[in-house]
Amino acid sequence: MAGTFQYLNPGTIHWGEGSAAALDGELSRALAKRVFLITTGSIARNPAILGPIESAIGGRLVGKTADIGQHAPVREVARAAREAREMRADALVSAGGGSPIDAAKAVAWSLASGIDLAEPDALQRARGVRLAGKPVLPHFAVPTTLSVAELSGSAGFSAEGTNEKVGVAATELVPKAVFYDAALAVHTPLELWLSTGIRAVDHAVETLLAPGEHPLPDAAALDGLRLLAMGLRQVKAEPANRAARTDCQLGAWLSYLLPGPASKGLSHTLGKRIGSRHGIPHGITSCLLLPHAMKFYLTRRPEPLQRIAAVLGAIPATPEAAPAAVFTLVAELGLPQHIAAFGLRPQDLDEAVEPVASAEYPREGLLEIMKAAW
């Protein structure tokens, strides 16, 4: 065994009830004086979530947007960038799920590069952009779901017209600090919490299935799976259980020490093909596809599947037991398991797999996954 590992997560993680208060100190250390807050309408309407965050920001708050919708439509991201520029922001704070967190990273990218992401040729021009040496606004993330957008430098958003998921990425976009505060997360609607929890399970599984040797991410992902399986079931039974919410947050964090390969795994890739195009949240796409995508690897990656089965408590812990254990977890949480419930047609499945098909992922194998989830 040999290899190289590079840490690509934020350098500082705060966790536990009340940890959002540490945002004050982090902003001071960053010498931030003009903070722009990026969030959603649901967060902005909930003082139990927004209040502690704005209190930690204090008099530094110069503006905010609460207009970021599901999948972070590029028009809303571009508008937030213009507003942050007009407010002469010197730091960004995001609050909510993956959409506002990704939006904040995209805003930081847009301001540093000088490219308006709403322009028709923005993504084509973005290919040649490097942020090294450019002034990138520091970003501090307060997540309230388990999607872990806060743990990488990738920023996804949906394109105008097609709703295709596109994005930008740079190591400079990794948030400076993250705050996993169960006192805020306890207000997240149950289905959203549980479905993004399965997204975190997806990250852990696809970390373990990723090519190459990655001993630290693997060890973390296995413990993340243990915490998620336990914590999600507890939150389902007791939504107000803050200790269980913290377990879920820690599990989600541990699931994503290998952000690049984990986010490019088979379940993720197929999920992105049906998610933004058909208005299906990413957490739900993992509920629909992950167990069936795991079966694709039964003969290709049996050893990681056996380890997944063991940590999820399957007896006997065989490779075949791993997808069944995930399918059972999704069912126990009462989450969707069939693509047909979202109005997709059979031809939509063909369109979804076409750009993904390759020698590594044969078209018929991909269609088999989609049809099994139908």
side-chain contact (heavy atoms from CB on, under 4.5 Å) against S158, all qualifying residues, sequence neighbours excluded
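S158 satisfies side-chain contact (heavy atoms from CB on, under 4.5 Å) with H71, P73, S276 only.
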
What residues form a side-chain contact (heavy atoms from CB on, under 4.5 Å) with R345, not counting sequence neighbours?
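With sequence neighbours excluded, R345 shows a side-chain contact (heavy atoms from CB on, under 4.5 Å) to Q347, D348, given in chain and number order.
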
Under 4.5 Å between side-chain heavy atoms, chaining through other members, with only Ile, Leu, Val, Met, Phe, Trp and Tyr counted: pull out the rest of the cluster around L27, sorted by chain and number.
L23, V35, L37, I43, I49, L50, I53, I57, L61, V93, F140, V142, F179, L184

I'd like to check [X] versus [Y] (side-chain heavy atoms, cut-off strictly below 4.5 Å). Are they in contact?
X	Y	result
Q337	F327	yes
R245	P239	yes
L289	I339	yes
L232	C248	yes
L208	L225	yes

Which residues share a ring pair (Phe, Tyr, Trp, His ring centres under 6.0 Å) with W253, sequence neighbours left out:
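Testing W253 for ring pair (Phe, Tyr, Trp, His ring centres under 6.0 Å), a comparison that skips the adjacent residues, returns W15.
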
Which residues pass the ring pair (Phe, Tyr, Trp, His ring centres under 6.0 Å) test with Y256, sequence neighbours left out?
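Y256 satisfies ring pair (Phe, Tyr, Trp, His ring centres under 6.0 Å) with H203 only.
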
Does the pair [X]/[Y] count as a salt bridge with the N-to-O cut at 4.0 Å?
X	Y	result
R60	D90	no
E119	R125	yes
R277	E351	yes

Output all residues satisfying salt bridge (charged side-chain N to carboxylate O under 4.0 Å, His left out) with [X], sequence neighbours left out; order by chain, then residue number.
X	result
E17	R242
E26	R29
E332	R233

If you look only at pairs with a residue in residues 72-103, which of them pass as a ring-ring contact (aromatic ring centres under 6.0 Å, His included), with sequence neighbours excluded?
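Checked against ring-ring contact (aromatic ring centres under 6.0 Å, His included) - neighbours excluded - no pair reaches residues 72-103.
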
Which residue pairs pass the ring-ring contact (aromatic ring centres under 6.0 Å, His included) test when at least one of the two sits in residues 350-374, sequence neighbours left out?
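Found F296-Y361.
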
All pairs passing side-chain hydrogen bond (donor to acceptor under 3.5 Å, both in side chains) where residues 171-184 contributes a residue, at least two apart:
E150-Y180

For residues 45-59, which residue pairs qualify under side-chain hydrogen bond (donor to acceptor under 3.5 Å, both in side chains), counting only residues two or more places apart or in two chains?
E54-K64

Nearest 0.5 Å please: distance from the SG atom of C287 over to the CG atom of L333.
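Interatomic distance, C287 SG to L333 CG, rounded to 0.5 Å: 8.0 Å.
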
Please indicate whether E83 has more than 12 foreign heavy atoms, meaning atoms of other residues, nucleotides or ligands, lying under 6.0 Å from its CD.
yes

If we ignore angles and hydrogens, is there a donor and acceptor under 3.5 Å between the side chains of S147 and R199?
no

